[in-house]
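Just so it is clear, the values below take in all heavy atoms, side chains as well, and ignore hydrogens, waters and symmetry mates. The first residue of the sequence shown is numbered 1, and numbering continues consecutively from there. Predicted, not measured: the structure shown is a model, and the values here were computed from it.
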Amino acid sequence: MSLWRLIRGEHGVLAALASTASYAVAGGRDPSAMALLAASTFLAEAGLFAHNDLANLEEDRVNRPDAPLVKGDVSVEAARLVAYGSLALGAALAAILGPAPLAIYTAAAVFGVLYNSRLKRVPLAGNLTVAFLTSMTYIYGMAAAGAASAVLNLLFASSLVANLGRELVKTAMDYEGDLKAGVTTLATRIGPEKTAALGAWTTAASTALGLWLAYASLSAGLYLLAAGAAATSVMLLYLSIEASRGRWRRFRNGTLAAFGTTLVALVAEGLWRLF
């Protein structure tokens, strides 16, 4: 259980679902490729989360006192082995998928390590990196299928902007802990209220891309994804208004449900295409 908490296993499972569903929507049909895609995605997430705890151990003593490394449930040596071992094994699996998936996997791993060690402390750049890495699963799955999909490109773009807004609101919520830990963020620079407002407006702006995604999906005959994207857009617009009113926790929790709606629709669309 402590190891699962270290690698945030649930995030890896969701990311694997996103990449494999994207592969199927892009036209991929090879079961072995799907298995490699799912495994490498999970390993990338596991490795980066373990590395994050290693790189931010001192900050976690303030912000996450129940973290496995802080409590001593997992040793630093074990966490280091999990972090680098998972990333290396994931890269080996990505290499089997082909040059393009390997390039995307490598870029994600490098940016993830840079975020954990340096970019997290660079205002806005860190938020953008997290949003980018979260959204790359769609591009990774598409690349593994060896196809170009306008719908998946739009899904990546809308996810990138929406997640950037969410990260900004989360930064505002982490203001007190980051201030105590001496971490420089946009919130410690311009204040949590302005940061949250920027996040709310950014997420609201993403709904334009989300509605475009819904239209493109509908035109491509991806009716389940179209419905999911439209529902997510409506939810995000409402939640952005809530965030602008200071209800940041509701925004943070609600956006997860909104993103989950699109993910469920994408997975359902992928299964429909396969069977």
Side-chain angles (χ1 to χ4, degrees), residues 1-19 38-94 105-134 136-137 163 166-188 192 248-249 252-253 255-256 259:
M1 182 59 70
S2 296
L3 183 59
W4 184 262
R5 289 180 59 227
L6 175 74
I7 65 172
R8 320 296 203 281
E10 65 279 2
H11 289 270
V13 171
L14 293 174
L17 284 173
S19 62
S40 59
T41 303
F42 182 89
L43 287 167
E45 289 280 320
L48 289 176
F49 272 118
H51 182 267
N52 178 74
D53 279 22
L54 285 167
N56 298 282
L57 182 56
E58 293 307 314
E59 293 166 24
D60 283 347
R61 296 189 194 279
V62 177
N63 289 331
R64 296 176 60 229
D66 62 336
L69 284 181
V70 175
K71 293 179 64 179
D73 294 337
V74 179
S75 69
V76 171
E77 292 75 16
R80 189 175 291 117
L81 179 62
V82 170
Y84 295 112
S86 295
L87 289 173
L89 181 55
L93 299 181
Y105 180 98
T106 302
V110 169
F111 274 109
V113 170
L114 283 174
Y115 168 79
N116 291 338
S117 57
R118 295 182 182 277
L119 292 179
K120 185 177 182 179
R121 297 163 181 81
V122 180
L124 199 56
N127 303 116
L128 184 58
T129 301
V130 172
F132 173 76
L133 291 173
T134 301
M136 278 299 290
T137 51
N163 274 286
R166 183 174 191 272
E167 286 300 316
L168 289 171
V169 174
K170 285 175 59 184
T171 296
M173 294 178 68
D174 291 341
Y175 170 75
E176 295 292 342
D178 288 336
L179 198 63
K180 290 179 181 178
V183 179
T184 302
T185 67
L186 191 63
T188 62
W248 301 345
R249 189 173 300 278
R252 184 191 64 183
N253 297 335
T255 48
L256 283 180
F259 297 152

_Reported OH-to-CG distance for the pair Y175 and L186, which is rounded to 0.5 angstrom_ = 12.0 Å

*Nearest atoms (heavy-atom pairs only) where A15 meets E45*: CB-CG, 3.7 Å

_Side-chain donor-acceptor contact under 3.5 Å, R166 with T255_ = yes

*Are the side chains of D66 and K71 in touch, meaning some heavy atoms are under 4.5 Å apart?*
yes

*asked:* So, taking the atom named CG in L69 and the one named CG in N56, what distance separates them when rounded to the nearest 0.5 Å?
replied: 10.5 Å

*Verify whether one side chain among S19 and T137 offers a donor that lies under 3.5 Å from an acceptor in the other.*
no

*So, for A94 and S40, which heavy atoms are closest and what is the spacing to 0.1 Å?*
N-CB, 4.3 Å

*Enter the distance from L124:CG to L119:CG here, rounded to the nearest 0.5 Å.*
11.5 Å

*Separation of L14 CG from E10 CD (nearest 0.5 Å)*: 7.5 Å

*Taking only residues two or more places apart in sequence, or in another chain, which ones meet V130 in a side chain to side chain contact (heavy atoms under 4.5 Å, CB included)?*
Y115, T134, E167

_Heavy-atom pair of closest approach, residues V82 and A50_ = CG1-CB, 4.1 Å

*Report yes if the side chains of P123 and T184 come closer than 4.5 Å at any heavy-atom pair, otherwise no.*
yes

_Member of T188, N127, T185 meeting the side-chain hydrogen bond (donor to acceptor under 3.5 Å, both in side chains) criterion with T171_ = N127

*Determine the minimum heavy-atom distance between S2 and V74, stating which atoms define it.*
CB-CG2, 3.8 Å

*Output every pair passing ring-ring contact (aromatic ring centres under 6.0 Å, His included) with a member in residues 65-88, not counting sequence neighbours, ordered by first then second residue.*
H51-Y84

*Pick one: which of T106, V113, L43 meets side chain to side chain contact (heavy atoms under 4.5 Å, CB included) with L87?*
V113

*Is the shortest side-chain N to carboxylate O distance from D53 to R8 below 4.0 Å?*
yes

*asked:* Ring-plane angle category for W4 and F42, please: parallel below 30°, perpendicular beyond 60°, tilted otherwise.
replied: tilted

*Check V70 against P65 and note the closest heavy-atom contact, atom names and distance.*
CG1-O, 3.5 Å

*List for me each residue that meets ring pair (Phe, Tyr, Trp, His ring centres under 6.0 Å) alongside F259, sequence neighbours excluded, and say none if there are none.*
none

*Which pair of non-hydrogen atoms, one from R249 and one from M173, has the smallest distance, and what is that distance?*
CA-CE, 3.9 Å

